[in-house]
Number of protein chains: 2
Amino acid sequence: MSEKREIFRKYISQQGLKLTRQRQVILDEFLRMEAHLSTEELYLKVRKKHPHIGYATVYRTLKLLAECGLAKERDFGAGQTLYEVTHRGQHHDHLICTECGEIIEFEDLRIEELQKQVAKKYDFTIRDHRLEIYGRCSKCSSS
Amino acid sequence: MSEKREIFRKYISQQGLKLTRQRQVILDEFLRMEAHLSTEELYLKVRKKHPHIGYATVYRTLKLLAECGLAKERDFGAGQTLYEVTHRGQHHDHLICTECGEIIEFEDLRIEELQKQVAKKYDFTIRDHRLEIYGRCSKCSSS
DNA sequence: GTTACTTTGATATTCAATTTCACTGGAGGG
DNA sequence: CCCTCCAGTGAAATTGAATATCAAAGTAAC
Ligand SMILES: [Mn+2]
Ligand SMILES: [Mn+2]
Ligand SMILES: [Zn+2]
Ligand SMILES: [Zn+2]
């Protein structure tokens, strides 16, 4: 938590930017959330305690957080981009329930390895990837 | 080709819809294209021979084609949805060059199998999935 | 305090996706 | 072959998220 604030502080100063009150408030509120949330959702959260902070500032701060690696932008095809806190650089992919919207995170190193093999076959240099599995979660299947 | 027209015809009639000139023109033009194309691109193609056909009709017909399984909707995160012709139900995933936009298709049954294992672990019923690998193609890497 | 910035936040703009609605035209029944 | 009805069409409007704009406010160095 505090370690992440430090990362942000350093990034801000490296870039010649300023550590403003708004940015700190937004960062704190973002770190407090778990799971995946949209700019709109974070904006509404922030707004409760700090009604003066504007949508544009939340939007720009989330971009900053993504730049410095504290946040990961996710587009699950639901019309709006979601953000999530990145935990010590660990990568993961998602199972997404199209019924109730639940998002389950998973990692599978075997799949990651096979992706590398595929890329190699086509002489392709991987920068990033996304694997999303859509369907029904256990709760929605049983009901 | 003709077989696909038949599939469309059947779907249309099953749904109590009408096989209009516009829909046939759009279907034919769509089947003639290879690779991935946007609604806009197909619209422009169609327009050349049939300037009277509107964008909304192309848009709606692509939705129909997706519904009956002749087309697959793809969102590669580039701001607009792309469509591609589905060839005899074969699934594939994509390597996407973020430099030049080239899209390479691949299938890897081992990855597909591992996805099933992951889903099973979480008691999740797979309906669909997307795996996209972003990076640089061989051409862009060498230059 | 003055200067030279950056940041903020209300608002405007963009752009694809989608909807609207008055007019048109397939297709089945006669 | 003609009717009639209801789905289809297409120009235009609307939506909604993402992003840009810009005047006012804030910040830090001089
Ligand atoms: Mn996640
Ligand atoms: Mn493809
Ligand atoms: Zn569910
Ligand atoms: Zn390339």
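By convention in this document, chain letters (A, B, ...) are assigned in the order of the sequence lines, proteins followed by strands, and residues within each chain are numbered from 1.
- Annotation: side chain of B/Arg60 is not in contact with side chain of B/Leu62 (no heavy-atom distance under 4.5 Å).
- Listed by chain and number, the residues in a ring-ring contact (aromatic ring centres under 6.0 Å, His included) with A/Tyr55 are A/Tyr43 (sequence neighbours excluded).
- Listed by chain and residue number, B/Asp128 satisfy the side-chain hydrogen bond (donor to acceptor under 3.5 Å, both in side chains) test with B/Lys72 (two or more places apart in sequence, or in another chain).
- Within residues 50-65 of chain B, the residues approached by DNA chain D to less than 4.0 Å at the level of any non-hydrogen atom are B/His52, B/Ile53, B/Gly54, B/Ala56, B/Thr57, B/Arg60, in residue-number order.
- At whole-Å resolution of the value, CD in A/Gln22 and C1' in D/dT27 are 12 Å apart.
- Between A/Ile53 and A/Val58, the closest side-chain pair of non-hydrogen atoms falls below 4.5 Å.
- Counting to the nearest Å, the C1' atom of D/dG26 and the CG atom of A/Leu19 are 14 Å from each other.
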Verdict with reasoning, A/Arg130 to A/Glu132, per salt bridge (charged side-chain N to carboxylate O under 4.0 Å, His left out): CA-CA 6 Å; A/Arg130 64 198 284 187; A/Glu132 285 141 28; 3.4 Å; yes

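- Partners of B/Arg136 under the side-chain hydrogen bond (donor to acceptor under 3.5 Å, both in side chains) rule, at least two apart in sequence or in another chain, are B/Glu99.
- Looking at residues 69-82 of chain B, you'll see B/Gly79, B/Gln80, B/Thr81 sit with a heavy atom under 4.0 Å from some atom of DNA chain C.
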Donor-acceptor pairs are to be reported for all side-chain atoms of residues 12-20 of chain B against protein atoms at under 3.5 Å, with residues two or more places apart or in another chain.
{"unit_1": "B/Thr20", "atom_1": "OG1", "unit_2": "B/Arg23", "atom_2": "N", "d": "3.2"}

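- Remark: B/Glu102 engages no residue in a side-chain hydrogen bond (donor to acceptor under 3.5 Å, both in side chains) (not counting sequence neighbours).
- Within the structure, ring-ring contact (aromatic ring centres under 6.0 Å, His included) contacts touching residues 58-83 of chain A (residues at least two apart or in different chains) are A/His36-A/Phe76, A/Phe76-A/His94.
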Polar atom pairs (N or O), protein with nucleotides 3-7 of chain D, under 3.5 Å:
{"unit_1": "D/dC6", "atom_1": "O2", "unit_2": "B/Lys18", "atom_2": "NZ", "d": "3.4"}

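- Each ring-ring contact (aromatic ring centres under 6.0 Å, His included) pair with one or both residues in residues 97-120 of chain B, not counting sequence neighbours, would appear here, but there are none.
- A donor-acceptor pair under 3.5 Å is absent between the side-chain atoms of A/Asp75 and the main chain of B/Gly77, judged by distance alone.
- Looking only at side-chain heavy atoms (C-beta outward), A/Gln24 and A/Arg9 stay at 4.5 Å or farther from each other.
- Residues passing the side-chain hydrogen bond (donor to acceptor under 3.5 Å, both in side chains) test with A/Glu29 are A/Arg32, sequence neighbours excluded.
- Along DNA chain C, read 5' to 3', the first and last nucleotides having any atom under 4.0 Å from a heavy atom of chain B are C/dA16 to C/dA27.
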